[in-house]
Amino acid sequence: MPAILLKQLPDISGPRLSAPNTMIRCDPSTTSVPSKKGTLYIDDHQLVFFSEQSSSGFALDYPSIVIHAVSREPAESSDSHHLYCQLAIQLPGSQKTDDSAQDDADEAFSELRIYPDDKTILDEMFAAMSECAALNPDDDDEVYSDDEDQVGHDEDRDDEDDDPAIQPIGEFDPSNFITSIDQLDKLTPEGRAVLKHLESVIVLPQTQESGRFADAEEAEAEAETQEPTKN
């Protein structure tokens, strides 16, 4: 159950943090939240609030708390500083106004603002709730994440199958590749066009050493063509 209404304080052994003299306000307003101060218990499994004055309270499962944060606005008024929580549910007894009314297709949510008398523990409250939230992940989110990863993996495989440039290992054939100049006659017309283009744009570097060798070869060839001089 995401939320449980309480008529008496449940057995809470060793909560991570408790905040006495705490006031909670809910939007939309609800009869589930006591109008009097009570004690907030940040337990490993649930967030519990109970007011001894009104003998009522509630308990929330952590997956129903989608956001929690410390609010210090306005900064000049520490009395307004509080712990803000957004819930993925609406508490029983919620009273919608015209401004907060939603269509049935919209997901219901509500906001809690937690005001402890001791404002110095707000950061501790936030840290304790973060630790407890990590201990209680939303099972639906985990299932969705696994399904999403599988769908993404399948889509990637489909894209690879449709791409002719990607050749599966099992279909790799080395004979399809030209590895020597003697095999150029096997090139398709498209292959010859590509080779011609590559030869036009690729220029091999002419080093000084290769230039010397070229000059020597030209001189030797010229000497061989000349007839010996007769005395």
Side-chain angles (χ1 to χ4, degrees), residues 1-94 106-150 152:
M1 293 286 293
I4 301 175
L5 301 185
L6 304 174
K7 293 299 182 182
Q8 62 181 11
L9 182 65
D11 183 19
I12 301 176
S13 57
R16 289 179 178 258
L17 188 145
S18 59
N21 299 318
T22 294
M23 176 68 73
I24 294 185
R25 296 174 183 169
C26 182
D27 183 21
S29 60
T30 173
T31 56
S32 301
V33 176
S35 58
K36 299 182 181 297
K37 289 185 178 182
T39 301
L40 182 76
Y41 300 91
I42 302 178
D43 185 61
D44 280 354
H45 304 290
Q46 287 182 316
L47 182 71
V48 179
F49 178 75
F50 191 79
S51 172
E52 295 285 354
Q53 299 180 47
S54 60
S55 298
S56 62
F58 61 88
L60 291 174
D61 290 343
Y62 286 105
S64 65
I65 305 173
V66 295
I67 295 175
H68 68 281
V70 175
S71 174
R72 292 190 171 90
E73 295 294 337
E76 61 275 8
S77 177
S78 61
D79 291 341
S80 63
H81 296 177
H82 60 278
L83 185 69
Y84 169 83
C85 297
Q86 185 180 99
L87 310 182
I89 60 172
Q90 285 195 347
L91 296 175
S94 295
D106 293 340
E107 183 179 2
F109 73 95
S110 53
E111 297 174 320
L112 293 182
R113 301 181 188 275
I114 304 171
Y115 299 85
D117 273 359
D118 184 3
K119 306 299 183 183
T120 63
I121 67 170
L122 282 172
D123 289 333
E124 294 179 50
M125 293 170 64
F126 174 83
M129 284 191 62
S130 298
E131 293 171 0
C132 293
L135 295 174
N136 299 271
D138 191 338
D139 293 336
D140 292 339
D141 286 347
E142 291 183 350
V143 172
Y144 176 77
S145 178
D146 292 341
D147 292 343
E148 188 179 50
D149 291 342
Q150 183 62 39

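Owing to the predicted nature of the structure, the values given are computational and were not obtained by experimental measurement.
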Check the pair I12 / V48 against side chain to side chain contact (heavy atoms under 4.5 Å, CB included), numbers first and verdict last. CA-CA 9 Å; I12 301 176; V48 179; 3.9 Å; yes

Between [X] and [Y], is there a donor-acceptor pair closer than 3.5 Å when you use the side chain of the first and the backbone of the second?
X	Y	value
S110	A88	no
D118	T120	yes
Q86	I67	no
S71	L83	no
H45	C132	no
S32	P92	yes

For a 4.5 angstrom cut-off between non-hydrogen side-chain atoms, does [X] reach [Y]?
X	Y	answer
L112	L60	yes
R25	Y115	yes
K37	I24	no
L122	P116	yes
T22	D117	no
Y62	L47	yes
M125	I42	yes
P10	Q46	no

Nearest atoms (heavy-atom pairs only) where [X] meets [Y]:
X	Y	result
F50	S56	CD1-O, 3.5 Å
P74	S80	CD-OG, 3.2 Å
P2	S64	O-OG, 3.8 Å
P20	T39	CA-OG1, 3.7 Å
I114	C85	CD1-SG, 4.1 Å
A128	L17	CB-CB, 4.4 Å

Please evaluate residues L40 and F49 with respect to the criterion side chain to side chain contact (heavy atoms under 4.5 Å, CB included), reporting the C-alpha separation (whole Å), side-chain torsions for both, the decisive distance (0.1 Å), and the verdict. CA-CA 4 Å; L40 182 76; F49 178 75; 4.1 Å; yes

Pairwise distance [atom1]([X]) to [atom2]([Y]) - rounded to 0.5 angstrom:
X	Y	atom1	atom2	result
F58	L5	CZ	CG	9.5 Å
D138	D61	CG	CG	10.0 Å
H82	E73	NE2	CD	9.5 Å

Check: Y84/E111 side-chain N/O donor and acceptor closer than 3.5 Å: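 Their side chains do contain a donor-acceptor pair, which is all the 3.5 Å distance test asks for.
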
For D27 and R113: C-alpha separation, side-chain torsions, deciding distance, then whether salt bridge (charged side-chain N to carboxylate O under 4.0 Å, His left out) applies. CA-CA 9 Å; D27 183 21; R113 301 181 188 275; over 6 Å; no

Ionic contact status for R16 with D44, cut-off 4.0 Å: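 A salt bridge links D44 with R16.
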
Salt bridge or not for K119 and D79, using N-O below 4.0 Å?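 Result for this pair is no, no salt bridge flagged.
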
Applying side chain to side chain contact (heavy atoms under 4.5 Å, CB included) to F126 and H68, what does each step give before you reach the verdict? CA-CA 7 Å; F126 174 83; H68 68 281; 3.3 Å; yes

